J.: 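The structure is given below, and queries will be raised subsequently.
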Amino acid sequence: MSGRVVVIGVGNPLRGDDGAGPAAVEALRGRVPDDTVLTVSDGEPARMLDLWRGADTVVVVEALRARSGQPGELHTLTSEEVAGHPAGTASTHAFGLAECLALAEALDQLPQKLVVHAVEVADVALGAGLSEAVRSALPELTDRVAACVRQAYERS
Amino acid sequence: MNHRGTRVLRLDALARVEGEAALHLRVDGGTVAETRLRIYEPPRFFEALLRGRSHTEPPDITSRICGICPVAYQMSACQAIENACGVTVDGPLADLRRLLYCGEWIESHTLHIYLLHAPDFLGHADVVGLARDQRAAVERGLRLKQSGNAILEQLGGRPIHPVNVRIGGFYRTPAPQELRPLAQRLRQAREDALETVRWVAAFDFPDAVCDHDLLALRDPGHYAIDSGTPAVIAAQGGPRALREFALSDFEQHVRELQVAHSTALTATLDDRRFLTGPLARYAINGQWLHPVAAEAARDAGLGDPALGGMCDNPFRSIVVRAVEVLHAVEEALRIIDGYEQPPRPAAEVPPRRAVGAGATEAPRGLLYHRYALTEDGTLTGARIIPPTAQNQTAIEEDVRRAVQARLDRDGPDADDEELTLLCERAIRNHDPCISCSAHFLDLTVERA
């Protein structure tokens with residue numbers, strides 16, 4: 001193992017399904033090698049860049065809103081695919097991963113490998129707790145992230 | 001442009017502000033007839049969420065209102081509840097609180113300066129463009145921000161939504177040697193902060209004057225951060241005519257109003273438009289800036305804060321913010337140098353039936369909390385008045401003036417794109433922090 005594997009759960013647990021990323025990271029504890037960095041973030045780019053500084057592999061776990069939504073559906077995206085979907089506005093709240101990756105690229109701070117595992121949201125109203133659809137999808141989401149982490153260790 | 005017609009500008013999603021808001025602007029003939037800043041989500045939901053909870057919970061719950069300034073919410077909440085319970089937290093615990101708050105000032109202001117505001121002055125749409133053009137500057141900004149982040153992580157237990165704060169103090173206090181690596185980092189941050197003041201001072205600033213009444217805490221001997229008494233400089237009161245009022249009377253002076261166009265309440269101060277935040281703090285507290293920050297302010301053309309120098313150009317708020325970052329770095333170093341670990345991490349705060357208020361200076365301005373408690377500490381009422389709601393009317397007025405000044409100028413007429421940018425700039429001068437939102441990835445998924 002030549003470098004760190006960092007898993008970042010992005011989201012706000014007080015906004016319903018936006019808490020999916022942090023919930024998945026919590027569920028990963030004990031299921032990935034001890035030196036895997038498990039962390040959560042609100043996605044603010046400067047913090048994201050700090051979290052993955054020096055990392056070989058970054059796995060981001062995100063909530064995803066799709067126009068023709070199917071809550072609970074899982075998506076696995078490469079950094080190139082994410083970079084192709086800027087949010088369109090750029091408040092730090094809409095400062096999405098796309099803008100974050102663009103900033104990292106401009107500063108030569110892109111991790112060697114970055115994968116995004118995302119789950120489609122049903123409800124992001126104020127309040128704690130995941131919707132039934134997202135809660136049901138959480139074990140599969142967590143399995144996918146765990147497998148992704150294992151692969152990162154096997155590669156190195 | 002047709003001076004006799006009506007044109008309407010709608011900015012449905014303001015870019016590069018903290019949160020979600022929209023602007024509606026109507027020009028009749030050559031006159032700005034209407035500016036309406038529409039804020040989608042106020043902290044009202046949190047006030048309802050708090051009722052029925054324990055008096056120990058507001059610091060953790062309200063910190064979620066903003067991902068960028070959680071400490072401000074924690075500190076105002078702690079003070080309000082301690083005030084209700086008749087407890088004063090002082091000595092090293094108060095110092096540690098201020099240190100934590102300095103971390104937030106550094107982090108939050110630096111985020112605004114580099115990621116949100118500087119692109120306006122340097123002709124870039126966003127920080128990505130700025131990073132391609134001035135990579136060293138953006139790296140400096142991220143490094144400086146990270147030093148504030150490090151304080152939050154050390155004292156708060158984690159970099160976002162710190163968990164180590166409780167009413168009465170902390171769950172755990174650090175030993176002095178644990179803070180030494182921070183001091184080392186802050187010495188580098190001092191250089192970065194000084195360089196930031198010089199960098200922003202050299203920007204090209206549009207002419208503008210704001211004449212809102214100014215409200216900030218005043219804490220003689222200190223540049224107010226975590227404590228003080230509400231103080232007002234009236235716009236037409238002569239130079240530095242200052243008056244104070246008791247925090248317990250805050251809601252008699254600052255009255256919240258419902259307006260049709262925004263789900264957030266707006267506010268008046270003694271029935272007048274007012275501004276809180278860096279420009280107000282600088283006017284009211286400038287004489288207590290750390291000497292290094294005061295000198296940087298003078299060199300940056302802000303006037304002499306020791307002699308009552310004020311900054312009334314909202315576009316220069318970025319310079320005041322940079323000066324405040326430098327002050328916060330110096331203040332953090334001073335606290336770390338003099339820190340002795342307190343015997344207990346927190347004072348006892350036994351509940352009692354009472355109402356208490358607390359206010360601190362969030363990076364964006366005065367943040368007021370009030371809570372009503374029963375004998376067993378159950379919350380029966382909560383009131384949170386955040387800076388952005390207080391500033392909403394002043395921001396609208398600044399937008400109106402900026403657009404009107406442009407319309408009045410000789411030369412080619414402004415197109416919608418130019419006016420839109422001008423509106424956004426006038427709003428971003430105030431770093432409005434709207435509320436904590438969700439952060440999902442927006443994506444169009446093609447379905448088979």
Side-chain angles (χ1 to χ4, degrees), chain A residues 10-21 39-47 49-51 60 62-70 73 75 77 81-82 85-99 102-109 116 118 120-121 124-127, chain B residues 11-21 41 45-46 48-49 61 64-65 67-68 107 110-112 114-116 119 125-133 135 138-139 141-146 149-150 153 158-161 432-447:
Chain A
V10 177
N12 178 357
L14 286 187
R15 288 295 301 257
D17 287 340
D18 194 36
T39 186
V40 296
S41 176
D42 56 1
E44 191 270 290
R47 288 188 188 129
L49 263 56
D50 282 336
L51 289 174
V60 176
E62 259 275 30
L64 183 149
R65 184 169 60 179
R67 218 157 276 165
S68 54
Q70 295 191 358
E73 191 167 309
H75 299 265
L77 305 161
E81 285 169 320
V82 173
H85 295 281
T89 63
S91 87
T92 53
H93 292 296
F95 234 145
L97 263 181
E99 289 79 5
L103 179 61
E105 193 264 327
L107 298 172
D108 274 341
Q109 291 183 23
V116 179
E120 282 190 42
V121 298
V124 291
L126 273 173
Chain B
L11 287 73
D12 283 335
L14 287 168
R16 303 207 324 270
V17 300
E18 262 308 312
E20 296 174 17
E41 289 177 354
F45 299 110
F46 281 84
L49 193 74
I61 293 175
R64 294 285 177 164
I65 291 173
I68 306 298
E107 193 193 7
T110 306
L111 172 106
H112 183 256
Y114 282 89
L115 275 75
L116 306 180
D126 56 30
V127 68
V128 178
L130 182 60
R132 292 197 180 110
D133 181 35
R135 180 168 161 175
V138 173
E139 284 173 342
L142 293 177
R143 193 166 58 230
L144 181 57
K145 184 175 181 304
Q146 172 60 13
N149 208 41
E153 210 162 345
R158 64 182 188 190
I160 54 161
H161 301 306
C433 178
I434 317 295
S435 78
C436 204
S437 275
H439 301 266
F440 22 70
L441 198 54
D442 265 306
L443 193 62
T444 305
V445 178
E446 301 291 335
R447 306 281 179 200

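These numbers come from a predicted model, not from an experiment. Order of the sequence lines fixes the chain letters, A, B, ..., with proteins taken first and strands second; residue numbering starts at 1 for each chain.
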J.: Do the side chains of A:Asp108 and B:Arg135 get nearer than 4.5 Å, heavy atoms only?
T.: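 In contact.
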J.: So that I can tick it off, tell me whether A:Asp50 and B:Lys145 are bridged by a salt bridge, with the cut-off set at under 4.0 angstrom between side-chain N and carboxylate O.
T.: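 No.
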J.: Nearest 0.5 Å, what's the CG-CG distance between B:Leu142 and A:Leu107?
T.: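 Between B:Leu142 CG and A:Leu107 CG, I get 6.0 Å after rounding to 0.5 Å.
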J.: How close do B:Val128 and A:Ala106 get, heavy atom to heavy atom, and via which atoms?
T.: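 That closest heavy-atom pairing would be O-CB, 4.1 Å.
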J.: So, taking the atom named CD in A:Glu44 and the one named CG in B:Leu111, what distance separates them when rounded to the nearest 0.5 Å?
T.: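 Going from CD on A:Glu44 over to CG on B:Leu111, the span is 5.0 Å.
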J.: Can you name the residues that form a salt bridge (Lys or Arg N to Asp or Glu O under 4.0 Å) with B:Arg132, not counting sequence neighbours?
T.: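 B:Arg132 satisfies salt bridge (Lys or Arg N to Asp or Glu O under 4.0 Å) with A:Glu105 only.
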